Structure formats: C-alpha cells, structure tokens
Amino acid sequence: MQTSTKFSNLILSLIFMNFARMSMNDNMKIVRGNMSFNFGILWNTFNPLIIVYGLTFLFAIGLRGSGLLIRPEFFVFIILSWFNFLSIIQTLLSEDTEQNFYKNKDFGNLFVVSIASVLTSLIQSTGKFILTILIVLFLGFEIKILVILTSFYLTCSYGILMAILIKFLILNNKLLINIMNYFFTALFFASNVIFPISIFPPSIQEYLYYNPLVHINEFIREGYLETYGGMVDMSYPLYLLIPLMLIILFVFLSRLNLILPRL
Amino acid sequence: MKIKSFEDLQPYIGNYKVMIFFKTKDKQFDEFNTFKQITKSFLFGNELYTDNFFNNSLSILDNLDFHGIQNNFEKDYFFDSLKLEKSEKFFKAKKNSDHYLWRLSSQTCYLMVNRHSVLNHTFSLSFREKEIEKSTESKTCKAINEFMHNLMRVTNYTFITKKPFQISEGYDLYVLYDECDFIECYNDADTLTHMLKKYD
C-alpha cells in the first residue's frame, strides 16, 4: 500500500471509530439479531440543536419589539455557527492520546488523531447545518445561502485551526484543557452571538473588532438586514486565517517530537 | 544461515517464525518498546499485538471494521473468511461481550490484517477446548480458534519474550539479545536455553 493510501485509510478508520464510539459503550445502541442501530451518532450530532433552536425561539419571541433586530432566520445560523465552532474545539481538546488503545500504536500520534477528530466534527457540523437549512426552508423563512455558507465555512475553519493549534500547544494537559474550555465559554459573550455589536459602547466595540468571529456573525446579521458595511469587514477574518496557519506550522515543526513521537 | 548482526536478521523477520529473547535481570525491562526501537527503521507502522489491539469501548464488529478500513480489507472480510454468521455478541462492547469471543476475534483479526505479526505474552498461542466450552458462544469460538490455529501454522510471526519458560520449539530462528544488544542467533530452542545458562 502506498503511504498516501495508508494515511487516508488510517484517517478514514479513525473517523469511523469516532462515530462508532458515539454508542457510548453500547448504551446508545439497539441490537436486534444481526443488525444494530447506533442512535448515539444521531444524538451526539444533533443534540446541540435543541439548545440552538430553543435559544432562537426564546430570543425571537422574547426580544421582538425591544428594538433589537433578532429574526429567527439568521439568528439560528449565528447560534449554530458558534456551536459548530465550539464543538470542533472541545471534541479535539477532549481527545486523549494517552489512552491505552492509542498508546502502543505507531499511528496513535496527536497529528493523525487531531485530523480525524476535526474531520469527524466537521461532518457532524455539516449535518446540523443542512438540517437547519431544511427546517428554515420548511418553515417558509428566507435563506441567503451565500451569506450562511460563507459564515459556516469561515467559522468551521476557525474552529479547526484553533482546535489544532491549542491541542498542539497544550497536548493532554487536563488543567489547561479545562482553562481553555472556560475561555471559549467566555468568548461566547465577546463574539456578539446574541446581541449586535452596535449595542456595545464604542470603547468596547474597538476591542471586539479584533475578534474575527465578531465580523463573521455581524456579516450574517448585516447580510440579512442589508446593512453590511462600516467596521465589519469580511476580508479581516479571511486574511487572518493565513497567519493562523503559519503559527500552526511553526508550532507543529517546533514540537514535532511531541506531536509525532513515534517518527 | 549466518546471522552475525541484527542487520543480517532483518530479511528474516516476516519470512520465518522467529523468537526473540531479551536476556535481562531488570524486572521493569520493557521488551515491547525495546523491540519497537530496534526495528523502527524497517517495521515502522507495523503494529505489535497487545491487549489493546481492539478498542474496548467498541464492539467486536466495529473493531473488525476499523482494522478492515485501515488495512484496505473488504467489508465483512472476517466473516467471509471464517464463513461465520454474525451473532449478537459481535455487536457488543468488551464488557457486554463474551470474553473468549473477544480474545479470539482480536487475535485472529491481528493475524489477518498485519503484514508482519509480532506477538508477545499477551497473545495466547493456544486456547484449551475446555476453556472455550465455558463461552456462551462456544460453537463460534471453536470455529475461530480452529481458523486461528491454521492461520498461525501458515503465518510467519515474531514472538518476543524475556521469560525463559516461554521458550518453545516450533520456530525457525531464535535470537538472543542482552537487553538492547544483539548477541547471537540459533536454529533451535535447546541451543538458546543452553546459551542462556552459559551467559548466566
């Protein structure tokens, strides 16, 4: 087998394993005769949508008339983007390459496991995204496909790159993983997921604009409201991906013995 | 066969049944990782058998599929080769599955998918009939056991050990190591045992 085929087979098998593990030690699996149904995959993939749709419903009915423009057809995609971003990061951070299954395997290195983990999360995110589009269309709301696709791919790209960068930096350090999880929970409030940036005082706005997610979320909001412009600039989150990738490359090369210990 | 160094031995690994004995007085000596280190240049990526060859949180079937995808095997390669029917225990994770079925499936799968089989004490070379009868899936276990035995007869594998009582007949080559240093290579178990006494 060629090295490239071997590598892609390995990634595929790890993605398969990630999905199979969602049966949670058989607790989320129905076995009848020689057939089995792993409903853990569906649950694990789609359960964040309960919060996404719940929040959308609450804010759409609760804040109407308050002066804040929260329309469910775009608000749902902003919230969904955030959850996709968060789940990509948290899934990879919780991946333990020190577990017995990986320990004695040559492929059990952080690099391969990270690629498989982010790809698994990306497949799940795409599933959630498509289902939400179908639901929004079914309910008869307007879909601005270019706007939501741009934000989906940019948010996922940030999720993937941030997850890989942080994992390569902190490895399996449990304390730092917890700290990072708290940090990302706090970032929710600094990414103007719920409220538009215009409600913040100008002195705070100035700092919030450094966060690329602010631009992406505002892009959806302003794209739907057709008020795009001003400080919101989509070239900023797009170009910021380049230095982020270079930093990852630098970290990867400088920590090669930890990321690929068996080479 | 004149093998004077480990480099001379390389072509024989995978083409003969080889036993590698690591002579050591250190109880903590890790023969598993030592072997990995010394064969790194030509056996990288080739998995050594351990108890964790199968992921305990997955079912036997998922583990078989996982290794099948990784090694480019067709779906159901295991069941097709053994002419077996899938029973409910194949769908269960380790804690809910049958112990013997799990072990036998894991060992047989390892022999099937790996190009160079490298075994150690965690691999049971033989299961007693009486033992297997305790299994709730004894008929299936017997079939797998038989298949595994036939496979072991035709497969060239390397067995690594540091315990003298594990030295047995049936190998083409016996290699003696003093921890990480290659000493010599022999053609039979008796010579290895004799040389071990000499070195002691």
Side-chain angles (χ1 to χ4, degrees), chain A residues 1-41 44 94-109 111-113 115-116 119-120 257 260-263, chain B residues 30-33 35-37 39-73 75-76 79 84-97 106 110 113-116 118 120 122 140 160:
Chain A
M1 240 195 292
Q2 278 185 336
T3 313
S4 57
T5 319
K6 229 175 168 180
F7 184 73
S8 56
N9 280 354
L10 180 55
I11 299 285
L12 268 179
S13 61
L14 284 171
I15 293 173
F16 169 82
M17 190 184 78
N18 289 340
F19 278 110
R21 274 196 312 198
M22 289 172 198
S23 71
M24 311 289 284
N25 280 315
D26 291 349
N27 292 327
M28 301 191 97
K29 193 182 199 177
I30 300 167
V31 180
R32 292 276 177 276
N34 62 357
M35 298 284 281
S36 81
F37 177 63
N38 183 354
F39 66 91
I41 296 176
N44 195 293
S94 61
E95 196 72 64
D96 182 13
T97 47
E98 288 300 308
Q99 61 173 286
N100 288 336
F101 178 68
Y102 289 132
K103 233 176 183 175
N104 295 317
K105 289 181 165 58
D106 285 333
F107 69 77
N109 55 60
F111 179 70
V112 181
V113 173
I115 302 271
L119 286 177
T120 310
N257 59 334
L260 289 167
R262 292 177 189 92
L263 264 185
Chain B
D30 186 352
E31 75 275 26
F32 184 89
N33 280 318
F35 180 81
K36 277 188 109 172
Q37 280 305 315
T39 57
K40 201 169 150 183
S41 59
F42 66 103
L43 277 186
F44 180 77
N46 190 77
E47 199 172 340
L48 278 69
Y49 185 81
T50 62
D51 279 340
N52 296 304
F53 177 66
F54 269 14
N55 187 332
N56 295 346
S57 63
L58 304 186
S59 67
I60 296 176
L61 193 70
D62 287 336
N63 274 299
L64 292 170
D65 285 343
F66 169 78
H67 289 289
I69 299 168
Q70 195 191 328
N71 294 287
N72 226 4
F73 277 60
K75 193 167 166 52
D76 288 339
F79 296 95
L84 273 181
E85 290 287 316
K86 288 173 198 166
S87 68
E88 216 167 285
K89 295 277 180 199
F90 281 106
F91 293 91
K92 305 277 184 185
K94 192 174 186 180
K95 63 170 185 166
N96 300 323
S97 186
S106 156
Y110 177 79
V113 300
N114 267 282
R115 221 169 128 234
H116 299 301
V118 183
N120 64 2
T122 57
T140 316
I160 53 173

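Naming convention: chains lettered A, B, ... in sequence-line order (proteins, then strands); numbering from 1 in each chain. When reading the values below, keep in mind they use all heavy atoms of this one structure, side chains included, and skip hydrogens, waters and symmetry mates. The model shown is predicted, which means the values in this text are computed figures rather than measured ones.
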Can I get a per-line list of side-chain donor-acceptor pairs under 3.5 Å for residues 28-39 of chain A, giving both atom names and the distance, sequence neighbours left out?
unit_1, atom_1, unit_2, atom_2, d
A:K29, NZ, B:F91, O, 2.9
A:N38, OD1, A:G40, N, 3.1

Quickly, which of B:F54, B:F53, B:F66 forms a ring-ring contact (aromatic ring centres under 6.0 Å, His included) with A:F101? Name it, please.
B:F66
Residues in side chain to side chain donor-acceptor pair (under 3.5 Å) with B:N55, at least two apart?
B:S57
Between A:M17 and B:D62, is any pair of side-chain heavy atoms under 4.5 Å apart?
no
Bottom line for B:N56: the part with an atom under 4.5 Å from chain A's heavy atoms is backbone
Nearest heavy-atom pair of B:N52 and A:N100: which atoms, and what distance?
ND2-CB, 3.3 Å
If I take atom CG from residue B:L58 and atom OG from residue A:S23, how far apart are they, to the nearest 0.5 angstrom?
7.0 Å
Inter-residue atom distance A:N9.CG - B:I69.CD1, 0.5 Å rounding:
8.5 Å
Pick one of side chain, backbone, both or neither for B:E47, based on which atoms fall under 4.5 Å of a heavy atom in chain A.
side chain
From A:L12 atom CG to B:N72 atom CG, the distance as rounded to the nearest 0.5 Å
10.0 Å
Considering only heavy atoms, which portion of B:K95 lies under 4.5 Å from any heavy atom of chain A: side chain, backbone, both, or neither?
side chain
Nearest-0.5 Å distance that lies between atom CD in B:Q70 and atom CD1 in A:I11
10.5 Å
